[in-house]
Amino acid sequence: MLATDFGIGAQVYPKNNNRRPKLLEQLQDMLAHKTCAAEMIVDANLVPGQRNPDAAVCLKLDVYREIFEAFIDGFAAYRSLLTQVKDAYDTALQQGLQCALENMDLRSELAAAANVQAQAVSLARSESAAEAAASKLHLQTKSNAELAKAEVAHLKELEQHLQQALHTEAEWWTKPTASFVGATLVGSQQKD
């Protein structure tokens with residue numbers, strides 16, 4: 001419910017006066033000055049080119065807390081009510097900050113877990129690459145061995161063929177006509 005619901009005509013600005021209240025001007029000046037100072041603090045504590053948004057938000061929130069306290073001090077009649085409102089917000093913010101800190105711990109744990117996972121994946125990839133290389137070498141060796149076996153088998157066949165040809169030729173020399181043909185051939189070569 002608003003103050004106008006109770007028939008109370010609470011006004012911050014008078015309807016016919018264009019002049020702003022002095023407290024409002026002071027609070028706006030204070031807000032501008034403290035916000036600028038907070039920005040300078042955030043920028044001064046950072047590596048060039050990097051900005052921490054969490055630090056900026058926390059400092060800005062602190063500036064608004066100080067402005068609200070100055071506003072409460074400006075309205076003594078409403079101090080108890082406004083202090084209760086501020087305390088409720090401060091409690092909620094404190095719980096939020098504690099939750100954020102817990103989340104930061106969880107984020108750190110997740111980042112560490114992601115790092116461990118990346119290392120494990122890298123190790124698994126290198127192990128599988130080594131296994132693949134070893135398998136490839138084994139298959140090449142096996143293929144080379146099979147080729148060598150095939151070459152040996154071919155050479156054995158050739159040897160058998162040559163042995164048979166030698167045997168056939170040796171048998172030819174044992175035949176009775178072979179000595180006559182051989183002598184004729186040898187004799188005709190000697191006459192030349």
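Along the sequence shown, residues are numbered consecutively beginning with 1. Only a predicted model underlies this, so the values are computations on that prediction, with no experimental measurement involved.
Looking at residues two or more places apart in sequence or on another chain, you find a side-chain contact (heavy atoms from CB on, under 4.5 Å) between L137 and Q140, T141. Annotation: side-chain contact (heavy atoms from CB on, under 4.5 Å) contacts of L61 (sequence neighbours excluded): L93.
Between E146 atom CD and L139 atom CG the span is 9.5 Å, to the nearest 0.5 Å. Between the OG1 atom in T168 and the NE2 atom in H161 there is a gap of 9.0 Å [rounded to 0.5 Å]. Here the straight-line distance linking atom CD of E131 with atom OG of S126 works out to 10.0 Å at 0.5 Å rounding. Between the NZ atom in K149 and the CG atom in L147 there is a gap of 11.5 Å [rounded to 0.5 Å]. The CG atom of L82 sits 12.0 Å away from the CD atom of E69 when rounded to the nearest 0.5 Å. The CG atom of L24 lies 10.0 Å from the CD atom of Q26; values are rounded to the nearest 0.5 Å.
In summary, the aromatic rings of Y64 and F68 are positioned with their centroids too far apart to meet the 6.0 Å limit.
Here the side chains of R65 and K86 are in contact, with some heavy-atom distance below 4.5 Å. The shortest side-chain heavy-atom distance between D73 and R79 falls under the 4.5 Å cut-off.
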Test side-chain contact (heavy atoms from CB on, under 4.5 Å) applied to V63 and M30, step by step: CA-CA 9 Å; V63 167; M30 184 178 171; over 6 Å; no
Audit row: K156, Q160, side-chain contact (heavy atoms from CB on, under 4.5 Å) steps and yes/no: CA-CA 6 Å; K156 283 183 179 181; Q160 284 178 352; 5.6 Å; no
Steps toward side-chain contact (heavy atoms from CB on, under 4.5 Å) verdict (D29, H33): CA-CA 6 Å; D29 288 342; H33 174 71; over 6 Å; no
Trace of the side-chain contact (heavy atoms from CB on, under 4.5 Å) decision for I72 with Y78: CA-CA 7 Å; I72 290 171; Y78 299 102; over 6 Å; no
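Contact record, A70 with L23: O-CD1, 4.5 Å, taken as the closest heavy-atom pair.
For the pair T35 (side chain) and L31 (backbone), a donor-acceptor distance under 3.5 Å is present. A donor-acceptor pair under 3.5 Å is formed between the side chain of T91 and the backbone N or O of D87.
One hydrophobic cluster, built from ILVMFWY side chains closer than 4.5 Å, cannot hold both L81 and Y89; they sit in different ones.
Applying the 6.0 Å contact sphere to CD of E127 captures more than 12 heavy atoms from other residues, nucleotides or ligands.
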